[in-house]
Participant: 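I'd like to ask you about the structure that follows.
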Amino acid sequence: MNIQPLLDALGIQENAAQALADDLRTQIHELQGRLREAETHLEDLAITRKTVTGLADRLPAVPPDLPEHPDYPRILAVFNHTTGPLRARDVCEALDHELLPKNIEGTRAKLKRLVKLDVLTEADTGSFARKQ
């Protein structure tokens, strides 16, 4: 019996298996490189997160976007110059508005809007103070 054809068939299968193993080794090498890059990127992101959270308390507070009305900056200036809570009537007086009900109610509405924007707090009903 001639075993040469059998050996030739085994040789073909060995060559194919060797080529497959070489291809898989190349893919593994490439994937290991990509994995190292991904792990390095994750480490960089963790360092960045730690740095940003460490600096967050040192950043100045961003002033909120105030509605488009000239009274809002003036109202905040009034609260910057006082230590205690103010009522809408007090703010009207500080702004030199006439103490008419419509002016007081308009100022109260603006103060309520500033409470919603988290700039002021309403300590008691109708009594407003700067947020600390």
Side-chain angles (χ1 to χ4, degrees):
M1 170 178 207
N2 188 0
I3 60 166
Q4 192 56 41
L6 182 58
L7 292 175
D8 291 342
L10 284 174
I12 292 171
Q13 287 183 3
E14 283 177 339
N15 291 341
Q18 185 62 45
L20 178 61
D22 291 343
D23 287 346
L24 291 174
R25 281 188 198 95
T26 301
Q27 289 178 16
I28 288 171
H29 181 72
E30 291 171 358
L31 289 173
Q32 285 174 335
R34 289 177 57 194
L35 178 60
R36 276 192 300 276
E37 289 174 10
E39 288 172 340
T40 301
H41 187 63
L42 281 171
E43 290 171 3
D44 292 345
L45 290 172
I47 291 168
T48 302
R49 177 180 294 279
K50 185 176 180 180
T51 302
V52 168
T53 55
L55 293 175
D57 59 341
R58 297 181 194 166
L59 296 174
V62 177
D65 291 330
L66 296 177
E68 295 290 325
H69 192 282
D71 277 351
Y72 286 99
R74 294 177 62 211
I75 289 171
L76 292 180
V78 169
F79 279 96
N80 287 336
H81 290 97
T82 188
T83 56
L86 297 172
R87 302 186 71 72
R89 180 182 186 87
D90 302 327
V91 176
C92 276
E93 284 182 64
L95 296 176
D96 293 326
H97 291 311
E98 280 188 76
L99 295 179
L100 299 173
K102 69 176 189 169
N103 292 340
I104 295 171
E105 287 305 314
T107 301
R108 181 174 288 110
K110 290 179 181 89
L111 294 171
K112 294 270 189 185
R113 204 166 295 124
L114 289 171
V115 168
K116 285 183 183 177
L117 291 172
D118 208 30
V119 176
L120 299 179
T121 59
E122 192 169 5
D124 293 321
T125 304
S127 181
F128 300 89
R130 186 76 192 234
K131 189 115 178 173
Q132 298 298 328

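No hydrogens, no waters, no symmetry mates; every other heavy atom, side chains included, goes into these values. From a predicted model like this one, the values you see are computed outputs, not experimental measurements.
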Participant: Give the cluster check for L95 versus F79: same hydrophobic cluster or not, with ILVMFWY residues linked at side-chain heavy-atom distances below 4.5 Å.
Facilitator: yes

Participant: For a side chain to side chain contact (heavy atoms under 4.5 Å, CB included) check, start with the C-alpha distance between L114 and L76, then their side-chain angles and the critical distance, and finish with the verdict.
Facilitator: CA-CA 9 Å; L114 289 171; L76 292 180; 4.2 Å; yes

Participant: Check whether I75 and V119 end up in the same hydrophobic cluster, where Ile, Leu, Val, Met, Phe, Trp and Tyr are linked by side-chain heavy atoms less than 4.5 Å apart.
Facilitator: yes

Participant: Can you measure from CD1 (I104) to CG (L111) and round to the nearest 0.5 angstrom?
Facilitator: 11.5 Å

Participant: Could you tell me whether the side chains of Q27 and D23 share a donor-acceptor contact shorter than 3.5 Å?
Facilitator: no

Participant: I'd like to check Q4 versus L7 (side-chain heavy atoms, cut-off strictly below 4.5 Å). Are they in contact?
Facilitator: yes

Participant: Rounded to the nearest 0.5 Å, how far does CG of L86 lie from NE2 of H81?
Facilitator: 12.5 Å

Participant: How long is the span from the NE2 atom in H97 to the NZ atom in K102, to the nearest 0.5 Å?
Facilitator: 11.0 Å

Participant: Under the rule for side-chain hydrogen bond (donor to acceptor under 3.5 Å, both in side chains), what residues qualify as partners of E93, not counting sequence neighbours?
Facilitator: none

Participant: Can you tell me how far the CZ atom of R108 sits from the CZ atom of R89, to the nearest 0.5 Å?
Facilitator: 10.5 Å

Participant: Go through R25 and D22 one step at a time and tell me if the salt bridge (Lys or Arg N to Asp or Glu O under 4.0 Å) criterion holds.
Facilitator: CA-CA 5 Å; R25 281 188 198 95; D22 291 343; 3.1 Å; yes

Participant: Measuring from atom CZ of F128 to atom OG1 of T107, what distance do you get when rounded to the nearest 0.5 angstrom?
Facilitator: 10.0 Å

Participant: Enumerate donor-acceptor pairs with a distance under 3.5 Å from any side-chain N or O in residues 37-51 to protein atoms, sequence neighbours excluded.
Facilitator:
residue: T40; atom: OG1; partner: R36; partner atom: O; Å: 2.9
residue: T48; atom: OG1; partner: D44; partner atom: O; Å: 2.9
residue: T51; atom: OG1; partner: I47; partner atom: O; Å: 2.9

Participant: Can R74 and D71 be counted as an ion pair, charged N to O under 4.0 angstrom?
Facilitator: yes

Participant: Can you tell me if N15 uses its side chain to pair, donor with acceptor, with the backbone of I12 under 3.5 Å?
Facilitator: no

Participant: Say you draw a straight line from CG of L31 to OG1 of T26; how long is it, rounded to the nearest 0.5 Å?
Facilitator: 11.0 Å

Participant: Members other than L20 in its cluster, when Ile, Leu, Val, Met, Phe, Trp, Tyr link by side-chain heavy atoms under 4.5 Å?
Facilitator: L24

